[in-house]
Amino acid sequence: MNILVTGGAGYIGSITCVQLIAAGYRPVILDSLVNGKVAVLDRIEQISGQRPVFIEADVRDRARVVQVLREHAIDAVIHFAGLKAVGESVAQPVRYYDNNVQGSLVLIDAMREVGVKTLVFSSSATVYAETQDMPLHEGSPIGATSPYGRSKWMVEQILGDVAASDPSWSMTALRYFNPVGAHPSGLMGEDPQGIPNNLMPFIAQVAVGRRPSLRIFGRDYPTPDGTGVRDYIHVMDLADGHLAALRYAHGRAGHHVFNLGSGQGLSVLDMLAAFGQACGQTLPHEFAPRRAGDLAAFWADPALAEKVLGWRVQRSLQAMCTDTWHWQSNNPKGYDA
Ligand code: NAD
Ligand code: UD1
């Protein structure tokens with residue numbers, strides 16, 4: 001099967017391409033490079049022996065998307081392309097809605113024209129409303145609090161409406177919890193621009209000496225050790241979740257929604273300790289005030305994905321840290337080194 005992977009030059013999309021190739025699919029990457037790296041193509045080829053077709057284009061370029069769907073005889077689409085920085089989305093809401101919502105609309109309309117009817121979409125746990133009722137399951141209340149989160153929820157609703165309008169569509173939204181880790185080869189991983197917003201890439205940059213110390217945002221949360229608790233998922237498990245979703249959804253019409261998480265909550269201090277073990281150092285850290293907008297604790301109920309897709313996480317916290325360390329220490333400056 002030929003799979004169009006929008007955003008396939010990014011962190012999760014590129015690693016999913018490796019897993020797609022390993023499973024016998026043929027990924028075709030379309031990416032505007034607004035946050036992706038062409039260097040991933042060399043790395044994918046190094047790992048899998050195959051170089052995916054790469055098209056530098058914006059998913060909002062309807063004519064180009066139609067042409068790519070036709071030329072490459074695409075059977076299904078995995079739609080990773082999107083902007084993902086929560087703080088930036090608050091400052092630039094129009095840009096976020098245009099890229100994430102309009103981008104998805106243009107893609108769906110191009111797919112309709114060509115008759116490609118299977119779409120797997122990157123959604124996020126950030127669509128859920130704040131609650132203390134854990135774990136979060138697919139029916140938990142929705143209530144995204146940022147333009148980024150609302151853009152994901154808007155697209156999920158569009159997928160539902162389109163699936164309801166025409167029974168030949170198969171629309172799947174995957175709600176990721178906190179993706180971390182790298183390909184175990186150490187050749188591919190997360191390469192954020194500037195100062196990382198997220199915990200794991202920040203810790204990794206402290207470990208290689210690019211940042212002096214981790215600031216732990218809050219030590220007075222109602223959690224076992226007072227620091228924030230999240231559901232971290234190895235990016236390889238996440239990639240495999242896409243394959244499971246694709247196998248399930250292709251040829252199965254309707255609107256499907258799945259959490260992709262481990263079901264286990266880990267604190268900032270748990271992550272710091274595990275990473276310290278992986279890299280053999282005690283990592284410098286200090287406590288700082290809570291970060292605005294942060295929740296104390298959330299984690300997934302991944303039971304639906306296990307029951308329906310036959311998927312659940314396989315990789316441990318130790319693997320998340322060892323693989324990230326392998327990637328970061330081999331590529332201290334990311335793909336540009
Ligand atoms: P990423 O930024 O590494 O990858 C996204 C890719 O999409 C980039 O390569 C970027 O160049 C490309 N892109 C963005 N807008 C585009 C457009 N209009 N046309 C074509 N290409 C475009 O991010 P990632 O971490 O790999 O995330 C992939 C998807 O998963 C995103 O939609 C993100 O919102 C979602 N997601 C990510 C996380 C996370 O923590 N990483 C969590 C939940 C959901
Ligand atoms: C962030 C996004 C969320 C996205 C998720 C995916 C925000 C507000 N939310 O959530 O939309 O879906 O990433 O991975 O950006 N921490 C520190 N020091 C740091 C960085 C983080 O202590 O330098 C703490 C945070 O307070 C939090 C935990 O580490 O308790 C995880 O933070 P982060 O990796 O940013 O993820 P989320 O906050 O879950």
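Note that ligands are numbered from 1 as they come in the structure, with each ligand's atoms numbered from 1 the same way. Not measured: the values here are computed from a predicted model. Counting begins at 1 with the first residue of the sequence.
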Considering only non-hydrogen protein atoms, determine which one is nearest to [atom] and report residue, atom name and distance to 0.1 Å.
{"atom": "atom 22 (C) of ligand 1", "answer": "Ser32 OG, 3.3 Å"}
{"atom": "atom 9 (O) of ligand 1", "answer": "Asp31 OD2, 2.6 Å"}
{"atom": "atom 1 (P) of ligand 1", "answer": "Asn35 ND2, 3.8 Å"}
{"atom": "atom 19 (N) of ligand 1", "answer": "Val59 N, 2.9 Å"}
{"atom": "atom 19 (C) of ligand 2", "answer": "Phe217 CE1, 3.3 Å"}
{"atom": "atom 3 (O) of ligand 1", "answer": "Tyr11 N, 2.8 Å"}
{"atom": "atom 38 (C) of ligand 1", "answer": "Pro179 CG, 3.9 Å"}
{"atom": "atom 4 (C) of ligand 2", "answer": "Ser124 OG, 4.5 Å"}
{"atom": "atom 5 (C) of ligand 1", "answer": "Gly82 O, 3.9 Å"}
{"atom": "atom 32 (O) of ligand 2", "answer": "Arg291 NH2, 3.5 Å"}
{"atom": "atom 26 (O) of ligand 2", "answer": "Asp294 OD2, 2.6 Å"}

Answer side chain, backbone, both or neither: which part of [X] comes under 4.0 Å from ligand 2, heavy atoms only.
{"X": "Met271", "value": "neither"}
{"X": "Leu199", "value": "both"}
{"X": "Phe287", "value": "neither"}
{"X": "Leu214", "value": "side chain"}
{"X": "Tyr221", "value": "neither"}

Exercise for the section: Tell me which part of Asn198 gets within contact of ligand 1: side chain, backbone, both or neither, using heavy atoms under 4.0 Å. Expected result: neither
Handout entry: ligand 1-proximal atoms of Lys152, by part, heavy-atom distance under 4.0 Å
Key = side chain
Return all side-chain donor-acceptor pairs below 3.5 angstrom for residues 241-251, not counting sequence neighbours, or 'none' if the list is empty.
unit_1 : atom_1 : unit_2 : atom_2 : d
His242 : ND1    : Leu238 : O      : 2.8
His242 : NE2    : Tyr176 : OH     : 2.7
His250 : ND1    : Thr118 : OG1    : 2.9

Tell me whether [X] is salt-bridged to [Y], with the criterion being a basic N under 4.0 Å from an acidic carboxylate O.
{"X": "Asp58", "Y": "Arg64", "result": "no"}
{"X": "Asp42", "Y": "Arg51", "result": "yes"}
{"X": "Asp109", "Y": "Arg112", "result": "yes"}

Which of the atoms of ligand 1 are close to [X], meaning less than 4.0 Å from one of its heavy atoms?
{"X": "Tyr148", "value": "33 (C), 34 (O), 35 (C), 36 (N), 43 (C), 44 (C)"}
{"X": "Val34", "value": "10 (C), 11 (O), 13 (N), 14 (C), 15 (N)"}
{"X": "Ser124", "value": "43 (C), 44 (C)"}
{"X": "Phe80", "value": "28 (C), 29 (C), 31 (C), 32 (O)"}
{"X": "Ser122", "value": "29 (C), 30 (O), 32 (O), 35 (C)"}
{"X": "Ser123", "value": "43 (C), 44 (C)"}

Just which atoms of ligand 2 are under 4.0 Å from any heavy atom in [X]?
{"X": "Asn197", "answer": "20 (C), 35 (O)"}
{"X": "Tyr232", "answer": "28 (C), 31 (C)"}
{"X": "Asn178", "answer": "14 (O), 36 (O), 37 (P), 39 (O)"}

Problem - Aromatic plane relationship, Phe287 with His285 - under 30° parallel, 30 to 60° tilted, over 60° perpendicular - result: perpendicular
Problem - Min N/O separation Asn198 to ligand 2 under 3.5 Å - result: yes
Could you name the option among [options] that has the heavy atom nearest to [atom]?
{"atom": "atom 4 (O) of ligand 1", "options": "Pro192, Ala125, Gly10", "value": "Gly10"}
{"atom": "atom 15 (N) of ligand 1", "options": "Leu33, Val155, Asn99, Leu30", "value": "Asn99"}
{"atom": "atom 30 (O) of ligand 2", "options": "Ser89, Ala144, Gly228", "value": "Gly228"}
{"atom": "atom 24 (P) of ligand 1", "options": "Arg64, Lys84, Glu56", "value": "Lys84"}
{"atom": "atom 27 (O) of ligand 1", "options": "Ile12, Ile15, Thr126, Asp98", "value": "Ile12"}

Practice task
Check if Ser14 has a non-hydrogen atom at a distance under 4.0 Å from any atom of ligand 1.
Solution key: no
Exercise for the section: Can you run down the ring pair (Phe, Tyr, Trp, His ring centres under 6.0 Å) pairs that involve residues 86-144, sequence neighbours left out, and say none if there aren't any? Expected result: His79-Phe121
Problem - Between Asn331 and Arg43, a side-chain donor and acceptor under 3.5 Å - result: yes
Handout entry: Distance flag, aromatic centroids of Tyr335 and Trp327, threshold under 6.0 Å
Key = yes
